[in-house]
Every structure is written in C-alpha cells, then in structure tokens.
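To start, the structure under review is shown below, and the notes come after it.
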Amino acid sequence: MSRYDETTLARVALTWLAEPGTRSVYALVTELGPVAALELLLDGAAPYEDLRDSVAARSRAGDARAIAAEALDRGERLGARVVVPGDDEWPGTVEELRKLRLSDARRRVDRETAPPLCFWVRGPWPLAEALDRSVAVVGARAATPYGLHVARQLGYGLADRDWTVVSGGAFGIDAAAHRGALSAGGRTVAVLACGVDRPYPVGNTALFDRIADSGLLVSEWPPAAEPLRPRFLIRNRVIAAGTKGTVLVEAAARSGATQTTRRALALNRPAMVVPGPVTSAMSVGTHEILREEPGARLVTGLAHVLEEVGRIGELAPVPRGPDRPTDVIDDDARAIVEAMPRRGTIGVDDLAARAGLAVRTVLRKMSLLEELALVVRRDDGYALVPPRRAG
C-alpha cells in the first residue's frame with residue numbers, strides 16, 4: 001500500500017496517463033473525484049475512444065499508480081512538493097481555465113485547455129502567494145538586443161515594485177525577464193514544460209538554480225518528464241491564467257508567446273504588447289496582435305504595465321516634453337513672444353501690430369514676460385532673452 005495520500009497519488013497518475021489540460025479527464029475528476037476517475041480509466045471504461053486509446057498506450061509503459069509513487073519519491077529527494085486543489089497554496093485563478101474557449105480551435109492544444117490537476121513546485125514561496133500579485137513577461141527566444149533590454153527592465157521594475165515576474169524559462173525574452181527580477185532581489189516564477197528536476201534549456205541551468213533558491217520552479221509534469229514540443233504550448237495556458245496580466249515583448253509571426261497572449265485575452269486578463277521596429281522579424285507577431293485583437297493594449301514601459309494591472313489604479317504619466325517658460329502664459333502673451341524678432345529690438349507699437357493686439361494689452365503683458373525672463377527692456381524697445389545653453 002502506498003504511503004502517499006491516495007487523492008494526490010491519483011492526480012499525479014492521471015497527469016501521467018493523459019497530458020495536462022485534457023478536458024474529458026478534468027470532467028471525470030470533477031464528477032467522480034480523482035481516485036474513482038483513475039480507477040475508471042484503468043478499467044478501460046473511459047467515455048471517449050481517443051481517451052481510452054491514450055490511457056491504453058500509456059498503460060503499456062507501466063502501472064500508473066507505481067509510476068506516480070516513484071515520481072513522488074523522486075520529488076521528495078530533490079526537494080519538490082506536489083500542490084493540489086484544496087491545498088492552501090493552490091492558485092485558485094487557474095480554475096478559470098474551465099471557461100476558456102478559443103475561437104478557431106482546430107488544434108488539440110487549443111481545445112484541451114482544462115485546469116491543472118496538480119503542480120510540482122520547487123522553491124521557498126507558497127505558490128498561491130507568489131502568483132497573487134504577478135505579471136507574465138513572455139516573448140521570442142531569438143530576441144533582439146532591444147527586446148532583451150525591454151524585458152530585463154520590465155522584470156527589474158516589476159520585481160522592484162513587489163510584483164512577481166512569471167515566464168517560461170526559455171532563452172531570450174523569458175530569461176531576460178527572470179534575470180531582471182533576480183537583479184532587483186525580487187520573486188520570479190518559471191513555469192516549465194518538463195520536470196522541475198530537468199529544466200530546459202540546459203543552457204539556463206544556472207538561472208534555474210537561482211530561481212529555485214529565491215523564487216519558484218513550477219510544472220504540471222512529474223520529475224524526469226521530457227520537454228516535448230507540445231508541452232510548451234500546453235504550459236502557456238497556465239502562464240496566462242495564473243497571472244494578473246501578460247506582457248508580450250517580442251514575437252515572430254508564428255510564436256508560442258503570441259499564443260499565451262491570446263489565452264490571456266480569452267480569459268479577459270490584461271494583455272499588453274510592446275511595439276518594436278517595423279523592420280524587425282521579431283516584431284511581426286506583436287504587431288499582428290495589436291492589429292487583430294481590440295483588447296490588446298500597447299505598452300512602452302513599466303508605468304503602462306502597472307496602469308493595466310495595478311490594484312489601486314496607478315496611472316501612467318502622460319508623455320510630454322521638457323517644461324518651458326511659455327507653458328504658463330496665456331494666448332495673448334504667447335502671441336507677443338511669437339511676434340518678437342529673433343534678433344534686435346522692437347517698439348511696442350510695431351509689436352502690437354505684428355501680434356494683432358491692442359497696445360494696452362501688449363504693455364500689460366510685457367511686465368509678465370519680463371518677470372518670466374522671456375523679454376528684456378532696452379532703450380529702444382524690447383528684445384527676446386536668448387535661451388540658456390545646456391552645460
């Protein structure tokens with residue numbers, strides 16, 4: 001008899017029998033509970049032929065309960081824990097995946113978007129607490145220096161403002177966002193498409209070790225699970241659902257990062273896009289999102305992101321140029337300044353004619369302009385004060 005809780009063991013076994021996100025499995029677990037759902041599948045009584053075939057194929061590789069127990073043993077040895085619904089650290093926001101329906105869902109990965117059955121977690125933070133105030137920063141693996149700079153700055157700024165930075169641990173934008181958060185001494189979470197004991201890509205091993213020390217490594221797949229290509233797309237729904245919003249920094253025309261953004265949009269989460277050079281192939285996907293998705297918001301930095309996801313309604317400052325003395329004067333005074341000759345002096349009568357104002361109005365405004373050091377009185381009239389040179 002297994003020393004593990006039978007409900008947890010069943011959830012781990014079900015995740016091994018059928019890939020995470022499988023709606024028919026999630027429906028059985030919701031209706032029967034994980035233990036009864038596992039027994040039904042192992043008895044060959046799955047309600048759908050494709051699910052019966054999938055379970056039969058996996059079962060030929062071993063006993064699901066034994067493999068789940070072995071995975072739990074392995075997880076214990078490497079310091080990973082299993083988090084299931086009902087646990088204090090289960091992130092309730094991922095349950096919203098129940099209602100995720102994507103338009104034009106021709107691929108299996110776009111149809112099978114059910115909530116997770118369990119998470120494997122490695123790191124010191126409670127998962128729900130880490131994701132409670134989090135933003136996903138995603139994008140291209142083959143990122144440009146521009147994209148890497150933006151992602152690093154966003155990661156640093158969000159972490160510095162006590163937001164958790166979530167991404168997928170890949171090369172490029174993902175890694176830059178993680179590193180930015182770590183540089184700020186903040187939290188970052190890598191949601192993986194493989195076991196938490198074999199993070200992929202291997203070239204980011206040192207980064208994953210740092211994340212495990214101060215943030216979290218998270219996966220739906222048990223330890224030792226391989227990073228198969230479809231799993232990256234399955235994983236993306238968790239990044240979209242587990243965070244308060246998603247920022248797409250760079251993406252090519254066909255990119256998994258754009259898929260994450262579309263899932264965020266379908267869940268009515270803030271979906272933000274950083275524009276890029278129109279000449280860059282890494283901006284094609286981001287610009288297509290902006291063109292095709294009315295709900296996507298263009299952002300150019302941390303202030304815009306915080307405005308979209310902030311709980312207290314933080315508003316980004318309106319971009320403006322440097323303050324000028326003429327910003328505080330009225331239309332008549334501004335007309336006088338514009339009418340002044342760039343060189344030399346001018347009398348009041350001539351100035352009034354050039355500005356189209358009454359002489360008495362010009363006289364009244366000139367004292368204000370003198371106080372603001374915009375004009376100076378000379379013996380033969382008024383002259384503009386030359387602008388100060390920098391330095």
Side-chain angles (χ1 to χ4, degrees), residues 1-78 80-85 94 97-98 100 105-122 168 191-200 217-238 256:
M1 185 172 180
S2 172
R3 64 190 179 90
Y4 297 107
D5 171 77
E6 64 174 354
T7 300
T8 299
L9 186 74
R11 287 182 176 273
V12 173
L14 287 165
T15 302
W16 178 78
L17 277 174
E19 286 293 295
T22 303
R23 288 198 172 274
S24 56
V25 173
Y26 181 81
L28 288 173
V29 170
T30 301
E31 179 185 356
L32 305 174
V35 176
L38 176 62
E39 290 176 353
L40 182 144
L41 293 184
L42 292 178
D43 288 343
Y48 303 103
E49 182 179 358
D50 59 344
L51 181 57
R52 289 195 297 272
D53 292 344
S54 175
V55 170
R58 285 287 173 91
S59 295
R60 285 194 288 272
D63 177 80
R65 290 187 182 91
I67 289 172
E70 182 182 342
L72 287 163
D73 285 340
R74 187 180 182 117
E76 275 192 357
R77 290 194 297 272
L78 66 93
R81 60 193 183 275
V82 177
V83 179
V84 300
V94 298
L97 288 167
R98 287 176 297 178
L100 176 60
R106 289 172 292 183
R107 299 182 302 172
R108 175 183 171 85
V109 73
D110 292 327
R111 297 190 304 271
E112 304 289 15
T113 55
L117 297 180
C118 64
F119 283 119
W120 296 82
V121 181
R122 185 176 161 206
V191 183
L192 306 176
C194 54
V196 293
D197 60 336
R198 53 171 303 171
Y200 178 87
L217 299 179
V218 179
S219 178
E220 294 178 81
W221 290 271
E226 298 179 30
L228 304 179
R229 186 180 181 91
R231 291 177 173 173
F232 292 93
L233 302 179
I234 295 170
R235 175 273 313 270
N236 289 346
R237 80 195 197 290
V238 171

Which of these, Thr8, Asp5, Leu9, Val121, sits in a side-chain contact (heavy atoms from CB on, under 4.5 Å) with Val82? Thr8

So which of Val12, Asp197, Leu192 actually passes side-chain contact (heavy atoms from CB on, under 4.5 Å) with Trp120? Val12

For the [atom1] atom of [X] and the [atom2] atom of [Y], what is their distance to the nearest 0.5 Å?
X	Y	atom1	atom2	value
Leu228	Ile234	CG	CD1	9.0 Å
Tyr26	Thr113	OH	OG1	11.5 Å
Leu78	Asp73	CG	CG	11.0 Å
Leu14	Leu117	CG	CG	6.0 Å
Arg58	Asp63	CZ	CG	14.5 Å
Arg23	Leu97	CZ	CG	7.5 Å

Kindly give the heavy-atom pair with the smallest separation between [X] and [Y], and that separation in Å.
X	Y	result
Phe232	Pro227	CE1-O, 3.5 Å
Leu217	Val196	O-CG1, 3.9 Å
Ala68	Ala13	CB-N, 3.7 Å
Arg65	Leu42	NH1-CD1, 3.4 Å
Pro116	Val238	CG-CG2, 4.0 Å
Asn236	Gly256	ND2-O, 3.2 Å

So, [X] side chain and [Y] main chain: donor-acceptor pair closer than 3.5 Å or not?
X	Y	result
Ser54	Asp50	no
Thr22	Ala18	no
Arg198	Pro223	no
Arg52	Ala46	yes
Tyr200	Gly195	no

Run the side-chain contact (heavy atoms from CB on, under 4.5 Å) check on Leu32 and Glu39 step by step: do they pass? CA-CA 10 Å; Leu32 305 174; Glu39 290 176 353; over 6 Å; no

Picking from Arg11, Arg231, Arg237, what satisfies salt bridge (charged side-chain N to carboxylate O under 4.0 Å, His left out) with Glu220? Arg237

Can you confirm whether the side chains of Trp221 and Glu19 place a donor and an acceptor under 3.5 Å from each other? yes

Please tell me whether Arg98 and Thr30 have a donor and an acceptor in their side chains that are separated by less than 3.5 angstrom. no

Does the side chain of Val83 come within less than 4.5 Å of Cys118's, by heavy atoms? no

Compare all side-chain heavy atoms of Ile67 with those of Pro222 and state whether any distance is below 4.5 angstrom. no

Please step through side-chain contact (heavy atoms from CB on, under 4.5 Å) for the pair Val191 and Ser219, ending with a clear verdict. CA-CA 6 Å; Val191 183; Ser219 178; over 6 Å; no

Run the side-chain contact (heavy atoms from CB on, under 4.5 Å) test on Tyr4 and Glu76 for me, step by step, so that the C-alpha distance in whole Å, both residues' side-chain angles and the decisive distance to 0.1 Å come before the verdict. CA-CA 11 Å; Tyr4 297 107; Glu76 275 192 357; 3.8 Å; yes

